[in-house]
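Ligands are counted one by one from 1 in listed order, and the atoms in each one are counted from 1 as well. This is a predicted model, so every value here is computed, not measured.
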Amino acid sequence: MSIDLPPGQTVTRRFPLFTVDPTEPLAPERFALRVGGAVERRIELNWEALQSLGEEPLEHDFHCVTGWTRTRTRWQGVPAARVLELAQPKPKAVWALAWARGGYSASLPLEDLTAPGVLLAWELDGAPIPHEHGGPVRLVVPHLYGWKSVKWLAKIQLFEREVEGYWEMRGYHRRGDPWREERYG
Ligand SMILES: Nc1nc2c(c(=O)[nH]1)N[C@H]1C(S)=C(S)[C@@H](COP(=O)(O)O)O[C@H]1N2
Ligand SMILES: [Mo]
């Protein structure tokens, strides 16, 4: 059986870890997500508030820019679009930074963040996301390379201009579509 893989990717059985910002575990009761920047309404959501927004499943192949693909990865969480609706992006907001607790960030066009399927996830393969994979809550952007799927999500910040996150500043592509092999800028 062959599966459809983006160019240059190889399937791995494991789910390798890739972390540049060692981070202490956080109990869900202490979780908070802030949404700010170019929004009409700054918001802060705790664990319960986030979960009360509803949830949906996602299954996708997770592609790391370094070449590994972990197929059929299953997540559960709330659509990012629903969270952003609450904050009401300003009409001129075009770009977003997703921040991890420990300072890692990834930038992406606002329309990629609000695309169907993009989740703020709290379950991986039917169980709470393990700490090392970014729990209690991580961003999952299924249509872009894995570096955009920020673990230990803490803040989403909107901008009226293009901005760069951790890897974008270090030469990674501004968008990162694996099917177009947008690895480096
Ligand atoms: N906070 C944080 N999120 C991160 C990273 C990181 O170093 N720190 N690495 C990214 C990269 S490059 C990849 S491929 C995926 C890897 O996710 P995993 O460690 O759960 O396999 O997380 C992304 N999110
Ligand atoms: Mo990666």
Side-chain angles (χ1 to χ4, degrees), residues 3 5-28 30-35 45 47 50 57-78 80 83 95-109 112-113 115 117-157 163-185:
I3 59 154
L5 272 187
Q9 295 295 117
T10 310
V11 172
T12 167
R13 288 262 156 179
R14 306 173 303 126
F15 194 170
L17 293 170
F18 201 110
T19 300
V20 297
D21 51 342
T23 297
E24 290 296 307
L26 182 77
R30 300 193 50 215
F31 168 83
L33 172 77
R34 286 182 293 146
V35 184
L45 301 171
W47 178 244
L50 189 72
L58 166 71
E59 181 176 307
H60 77 124
D61 299 338
F62 194 103
H63 309 296
C64 174
V65 69
T66 60
W68 54 263
T69 289
R70 200 249 193 185
T71 58
R72 305 190 64 182
T73 305
R74 292 181 300 120
W75 307 95
Q76 186 82 17
V78 63
V83 173
W95 224 268
L97 271 179
W99 288 94
R101 239 169 36 242
Y104 178 88
S105 63
S107 63
L108 64 175
D112 281 309
L113 183 60
V118 177
L119 294 188
L120 275 53
W122 50 77
E123 264 184 42
L124 166 62
D125 294 336
I129 300 178
H131 168 66
E132 64 273 20
H133 283 300
V137 176
R138 93 178 278 172
L139 181 64
V140 181
V141 185
H143 62 290
L144 300 179
Y145 281 121
W147 90 79
K148 308 280 185 179
S149 291
V150 173
K151 302 193 281 189
W152 310 297
L153 187 67
K155 187 166 81 173
I156 294 172
Q157 202 179 356
V163 289
E164 295 181 323
Y166 183 91
W167 284 117
E168 292 82 12
M169 272 182 233
R170 289 163 176 79
Y172 281 28
H173 197 275
R174 55 205 290 271
R175 180 141 184 274
D177 180 346
W179 296 97
R180 302 167 74 164
E181 240 190 323
E182 294 172 344
R183 295 178 196 271
Y184 308 103

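- Residue A100 has at least one heavy-atom neighbour below 4.0 Å for each of these atoms of ligand 1: 1 (N).
- In this structure, the protein non-hydrogen atom closest to atom 11 (C) of ligand 1 is W147 CA, 3.6 Å.
- The closest approach between a heavy atom of R138 and any atom of ligand 1 is below 4.0 Å.
- At the shortest separation from atom 3 (N) of ligand 1 among protein heavy atoms lies K151 N, 3.0 Å.
- Of the protein's non-hydrogen atoms, D21 OD2, 3.1 Å is the one closest to atom 1 (N) of ligand 1.
- At a 4.0 Å cut-off, at least one heavy atom of F62 sits close enough to ligand 1 to count as contact.
- Not less than 6.0 angstrom separates the ring centroid of H173 from the ring centroid of W167.
- Distance from atom 9 (N) of ligand 1 to its nearest protein heavy atom, with residue and atom name: F18 O, 3.0 Å.
- Ranking protein heavy atoms by distance to atom 20 (O) of ligand 1, first place goes to H133 ND1, 2.6 Å.
- Using a 4.0 angstrom heavy-atom cutoff, W68 counts as in contact with ligand 1.
- Counting protein heavy atoms only, atom 24 (N) of ligand 1 is closest to S149 O, 2.9 Å.
- Residue contacts with ligand 1: P16 is placed with a nitrogen or oxygen under 3.5 Å of a nitrogen or oxygen of the ligand (distance criterion only).
- When the heavy-atom distances from atom 10 (C) of ligand 1 to W152, Y104, W167 are ranked, the shortest goes to Y104.
- The nearest heavy-atom contact from the protein to atom 7 (O) of ligand 1 is V20 N, 2.8 Å.
- Among all protein heavy atoms, the one lying closest to atom 23 (C) of ligand 1 is G146 O, 3.2 Å.
- A distance-only check finds a donor-acceptor pair linking the side chain of H131 to the backbone of T23 [under 3.5 Å].
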